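Just passing along the structure, written as structure tokens.
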2 protein chains.
Amino acid sequence: MAILAGNPAHLLASIDLFSQISLHDLDKIALNATQHEYKKNEYLFHQGDPARRFCVLVTGKVKLTQLTEDGQQIILRYVSPGEAFAVIAVLSKIPYPVTATAVNQVSLLSWEDQKMLELMHQYPQLAINSLSILATRIQEFQDRFREIATERVERRIARALLRLASQTGRKLEHGILIDISLTRQDLAEMTGTTLYTVSRTLSQWEKDGLVSSQREQVTILSPHKLVVLAEDMSR
Amino acid sequence: MAILAGNPAHLLASIDLFSQISLHDLDKIALNATQHEYKKNEYLFHQGDPARRFCVLVTGKVKLTQLTEDGQQIILRYVSPGEAFAVIAVLSKIPYPVTATAVNQVSLLSWEDQKMLELMHQYPQLAINSLSILATRIQEFQDRFREIATERVERRIARALLRLASQTGRKLEHGILIDISLTRQDLAEMTGTTLYTVSRTLSQWEKDGLVSSQREQVTILSPHKLVVLAEDMSR
DNA sequence: TCCCTTCTTTGCGCTAGCACAAAGAATAAA
DNA sequence: TTTATTCTTTGTGCTAGCGCAAAGAAGGGA
């Protein structure tokens, strides 16, 4: 947790949030950022905490979860490097609606909420970029909402795996490894089902040669067949 | 479809999107707006149309729906007066991801997308307001996502009715009338179930004195009991 | 090395809710 | 008024997926 030293403007330049902002301006923006590090499984903040920081992930993965009133947990999304998160709370001045957990070693930049608001007034492009990020995110949620409202569990799991693969997939010679530790429970919380059903589904897929799965790990052997499962409307 | 005559700045002033913007600036912003009228059941735009206008609803109700690949429809939300919609597409430069239908007689203001972008640069507060609107909307979607992922159909229907009541409820002496035409199919498309299940559920609730329902119409007789259904974790 | 914890698999019974069918009710059209 | 259309209800059968239990399997720590 140290003020950024040196000149990290170039680091910001490659991030969506800061696109179309001059390096000169980025320098000034960067001056207001703080850098944080978290270890695997460490909490960045909890649902209900007062929201004071606007975060951009630099390295690692962050998991955003929400707890229901009766104690069930769901996974809203995984954050990848370059993505902003906790945008919501800073702007609506309410507590964090989600819990953020470091999935692995994480490093992030953050801005104090008032400061970020000032910066947005000063550099409207910053607000506009945030807007288009949120717009995309709403779309994703709309899609997932439709998915969960209309589609069967098997297909939802297929979709979730494909999504994860595109975010954190590592190409191996025999398939695509989803490169985070991912329990059956995690997959269930992403797709609105139970760990039992996920386990059964993966077992079946393993028999069919679609995936290969170990403890907390899934490798997609046949992305093509998985896509068919996820999208073929004739099924 | 006519350029706004007169001085509608005061009309904008009461809208969230334009909060904290001076009347003087609102005048200028209003100059760029166009006003449109639509009749009941008329389409404002279709999913897939190129997105060129940023809209704010003035009077009436608008329904936003999405069609799945296999032709199922879902209702994403109802827009109430004062709310902005089609924000997404303008910023992400993609086709409208939803279809917008006038639920009743509708009047709205709209801005051409490029113009709105210019205005946001000129009046950053406009972008910041949009941000906080989108932020709230994301939260709503997250909540509904969690709801549909973790809760039973009966509770989801209860929630949907309560939400509708708070948006478009009209207080009567014997209850709250949901003041739009609302089929069983509509309720099903909002909650991710079938019209049959909705019909059965309403029938049961009618027996229990919770609601009274006619064709395309629902009146909540006991909001309290409905809240219990929607929220009581011991059930 | 052994123990303990966490994760996974699988069997089994059950039920919420879907799907289809068919009839009834309300509204619109002719 | 009659007819056509749209919406709603209800019966019936069925199955996807849940929930519980219990037994492996894989790490991790002492």
Side-chain angles (χ1 to χ4, degrees), chain A residues 39-41 63 68 70-75 101 103-104 147-161 178 180-208 211-219 229 235, chain B residues 39-41 63 68 70-75 101 103-104 147-161 178 180-208 211-219 229 235:
Chain A
K39 293 199 222 0
K40 179 169 175 174
N41 292 329
K63 181 169 76 171
T68 67
D70 56 330
Q72 277 184 85
Q73 189 176 263
I74 62 158
I75 296 179
T101 320
V103 173
N104 38 33
E147 188 180 308
I148 206 171
T150 64
E151 283 166 12
R152 320 233 113 160
V153 166
E154 187 184 38
R155 177 166 295 186
R156 305 205 303 260
I157 300 174
R159 287 242 162 99
L161 283 185
I178 291 170
I180 51 172
S181 89
L182 184 76
T183 66
R184 307 290 182 263
Q185 178 70 32
D186 287 336
L187 270 170
E189 287 175 13
M190 297 175 70
T191 51
T193 180
T194 61
L195 80 143
Y196 309 110
T197 301
V198 170
S199 176
R200 280 180 240 273
T201 306
L202 289 183
S203 295
Q204 185 55 50
W205 287 351
E206 186 128 28
K207 280 196 198 103
D208 301 346
V211 303
S212 136
S213 69
Q214 298 80 44
R215 182 185 235 238
E216 303 195 354
Q217 202 184 82
V218 180
T219 308
L229 259 186
R235 306 175 29 98
Chain B
K39 293 200 221 359
K40 180 171 175 172
N41 292 330
K63 180 169 74 170
T68 67
D70 56 330
Q72 275 184 87
Q73 189 175 263
I74 62 158
I75 297 179
T101 319
V103 172
N104 40 33
E147 189 179 308
I148 206 171
T150 63
E151 282 165 14
R152 320 233 112 155
V153 166
E154 188 185 37
R155 176 164 296 184
R156 305 206 301 259
I157 299 175
R159 287 243 161 97
L161 283 185
I178 290 172
I180 52 173
S181 89
L182 184 76
T183 66
R184 307 290 183 262
Q185 178 70 33
D186 287 337
L187 271 171
E189 287 175 12
M190 297 176 69
T191 51
T193 179
T194 60
L195 79 145
Y196 308 109
T197 301
V198 170
S199 176
R200 279 180 236 274
T201 306
L202 289 183
S203 295
Q204 184 55 50
W205 286 352
E206 186 128 28
K207 281 194 197 106
D208 301 345
V211 303
S212 136
S213 69
Q214 299 80 45
R215 181 184 236 239
E216 303 194 355
Q217 203 185 80
V218 179
T219 308
L229 260 185
R235 304 173 34 95

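Chain identifiers are assigned alphabetically (A, B, ...) following the order of the sequence lines, protein sequences preceding nucleic acid strands; residue numbering begins at 1 within each chain. Everything quoted here is computed from the prediction, not taken from an experiment.
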*Nearest-nucleotide pick for B:Glu216, side chain only, options being D:dC7, D:dG17, C:dT9*: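 Given the options D:dC7, D:dG17, C:dT9, the side chain of B:Glu216 is closest to D:dC7.
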*Residue pair A:Leu161, A:Leu187: steps toward the side chain to side chain contact (heavy atoms under 4.5 Å, CB included) verdict*: CA-CA 8 Å; A:Leu161 283 185; A:Leu187 270 170; 3.9 Å; yes
_Tell me the interatomic distance from A:Leu195, atom CG, to D:dA21, atom P, rounded to whole angstroms._
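After rounding, the reported distance stands at 14 Å.
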*Could you pick out which residue, A:Gln214 or B:Gly192, lies toward the 5' side of DNA chain C when each is mapped onto its nearest nucleotide?*
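Taking each residue's closest nucleotide, the earlier one in sequence belongs to A:Gln214.
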*Would you kindly give the CG-to-P distance between B:Leu202 and D:dT10, to the nearest whole Å?*
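Answer to the nearest Å: 11 Å.
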_Side chain to side chain, B:Ile75 and B:Asp186, heavy atoms closer than 4.5 Å_ =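 Yes. Closest side-chain heavy atoms under 4.5 Å.
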*Look only at the side chain of A:Arg156 and the backbone of A:Glu147, and say whether a donor-acceptor pair between them is shorter than 3.5 Å.*
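Looks like no, no N/O pair under 3.5 Å.
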_Categorize A:Ser203 for me: base, sugar-phosphate, or nothing, with a 4.0 angstrom heavy-atom threshold over every strand shown._
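Sugar-phosphate, no base atom in range.
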*Find the distance A:Arg215:CZ to D:dA26:P and express it as a whole number of Å.*
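So the two atoms are 9 Å apart, to the nearest Å.
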*Measure from CG on A:Asn41 to P on C:dT5 and round the result to the nearest Å.*
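Interatomic distance, CG of A:Asn41 to P of C:dT5: 18 Å.
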*Return the value, rounded to whole Å, for the distance between atom CD of B:Gln204 and atom P of C:dG17.*
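So the two atoms are 13 Å apart, to the nearest Å.
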*Ion pair present between A:Arg159 and A:Glu151, side-chain N to carboxylate O less than 4.0 angstrom?*
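So A:Arg159 pairs with A:Glu151 through a salt bridge.
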*Between B:Arg200 and B:Thr183, which is nearer to the 5' end of DNA chain D once each is assigned its nearest nucleotide?*
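With B:Thr183 and B:Arg200 compared, the 5'-side residue is B:Thr183.
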*Interatomic distance, B:Arg184 CZ vs C:dC18 P [rounded to whole Å]*: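 B:Arg184 atom CZ is separated from C:dC18 atom P by 16 Å.
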*Determine the contact category for A:Thr194: base if any of its heavy atoms lies under 4.0 Å from a base atom, sugar-phosphate if only primed atoms, P, OP1 or OP2 are that close, otherwise nothing.*
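Since only primed, P, OP1 and OP2 atoms lie under 4.0 Å of A:Thr194, the category is sugar-phosphate.
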*With no hydrogens and no angle check, is any side-chain donor or acceptor of B:Ser213 less than 3.5 Å from a backbone partner on B:Gln217?*
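Checked: no pair found.
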*Separation of atom CH2 in B:Trp205 from atom C1' in D:dT8, rounded to whole Å*: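 The answer, rounded to whole Å, is 16 Å.
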_Just to be sure I understand the rule, does B:Arg152 reach a base, reach only the sugar-phosphate, or reach nothing, if contact means heavy atoms closer than 4.0 Å?_
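Here B:Arg152 touches the backbone only, sparing every base.
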*Using whole Å, report how far CD of A:Gln72 lies from C1' of D:dC18.*
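It is 11 Å, rounded to the nearest whole Å.
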*asked:* Counting only side-chain heavy atoms from C-beta out, which of C:dA19, D:dC7, D:dG19 sits nearest to B:Tyr196?
replied: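 Closest of the options to the side chain of B:Tyr196: C:dA19.
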*Looking only at side-chain N and O atoms, does A:Thr193 come under 4.0 Å of OP1 or OP2 in D:dC18?*
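For A:Thr193, the contact criterion (side-chain N or O under 4.0 Å from OP1 or OP2 of D:dC18) is met.
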*Taking the side chain of B:Thr197 as its heavy atoms from C-beta onward, which of C:dG17, C:dT8, D:dG17 lies nearest to it?*
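Of C:dG17, C:dT8, D:dG17, C:dG17 is nearest to the side chain of B:Thr197.
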